[in-house]
Amino acid sequence: MVAVSGDVDVATVATLEESITEALATKPTALIVDLSDVDFLASAGLQTLVATNEAVTKTTTGFAVVAHGPATSRPIQLTGLDQVFSLYPTLAEAIAAVGAASQN
């Protein structure tokens, strides 16, 4: 899991990308990006989520995003990205979903 907080924008997105790269280097069965504590999600953050989804679909790694509220889930839904990758309002729901998917 990659837990993110604060603002995700052009100034901070490199840190998010680095964290995701490190998490994927361990070849997990699933990756959850938790945006619960994010105050602002800019297009750079959305692009990173799309790139991560594209990277994991080439592997057996499951992918889910936790986002709830206007700062995170709203831009994801407005851009239609909730149709591209799995979006959950809570970490518990994301964990349950990727856990169930990895058992199939």
#### Entry: Asp9 to Ala44 - nearest heavy-atom pair and separation
C-CB, 4.0 Å
### Task
Determine the minimum heavy-atom distance between Val98 and Ala64, stating which atoms define it.
CG1-CB, 3.7 Å
### Message
Quick check: closest heavy atoms across His68 and Pro89, and the distance to 0.1 Å?
### Response
CB-O, 3.5 Å
### Query
Residues two or more places apart in sequence or in another chain: which of them pass side chain to side chain contact (heavy atoms under 4.5 Å, CB included) with Thr61?
Leu24, Pro28, Leu31, Val56, Thr59
### Query
Looking only at heavy atoms, what is the nearest atom pair of Leu35 and Thr72, with distance?
O-CG2, 3.5 Å
### Task
State which residues pass side chain to side chain contact (heavy atoms under 4.5 Å, CB included) with Ser36; sequence neighbours excluded, sorted by chain then number.
Asp34, Val66
### Query
Quick one: which of Thr52, Leu49, Ile32, Val84 gives a side-chain contact (heavy atoms from CB on, under 4.5 Å) with Val65?
Leu49
### Query
How long is the span from the CG atom in Asn53 to the OG atom in Ser86, to the nearest 0.5 Å?
8.0 Å
### Task
With side chain to side chain contact (heavy atoms under 4.5 Å, CB included) as the test, would you mind laying out the steps for Leu46 and Val50 before giving the verdict?
CA-CA 6 Å; Leu46 295 173; Val50 170; 5.7 Å; no
### Query
If every non-hydrogen atom of Val33 is compared with every non-hydrogen atom of Ile20, which pair is closest and at what distance?
CG2-CD1, 4.2 Å
### Message
Let's go through Glu93 and Thr90 carefully: what are the C-alpha distance in whole Å and the side-chain angles of both, what is the deciding distance for side-chain hydrogen bond (donor to acceptor under 3.5 Å, both in side chains) to 0.1 Å, and is it a yes or a no?
### Response
CA-CA 5 Å; Glu93 289 177 71; Thr90 68; 3.1 Å; yes
### Message
Quick check: is Tyr88 connected to Ile95 through a chain of hydrophobic side chains (ILVMFWY, heavy atoms under 4.5 Å apart)?
### Response
no
### Which residues share a side chain to side chain donor-acceptor pair (under 3.5 Å) with Thr48, sequence neighbours left out
Glu17
### Message
Taking ring-ring contact (aromatic ring centres under 6.0 Å, His included) as the definition, give me every residue that meets it alongside Phe85, ordered by chain and number, with sequence neighbours left out.
### Response
Phe63
### Query
Between Leu16 and Val4, is any pair of side-chain heavy atoms under 4.5 Å apart?
yes
#### Entry: Set of residues satisfying side chain to side chain contact (heavy atoms under 4.5 Å, CB included) with respect to Asp82, sequence neighbours excluded
Ile76, Gln77, Leu87
### Query
Can you name the residues that form a side chain to side chain contact (heavy atoms under 4.5 Å, CB included) with Val10, not counting sequence neighbours?
none
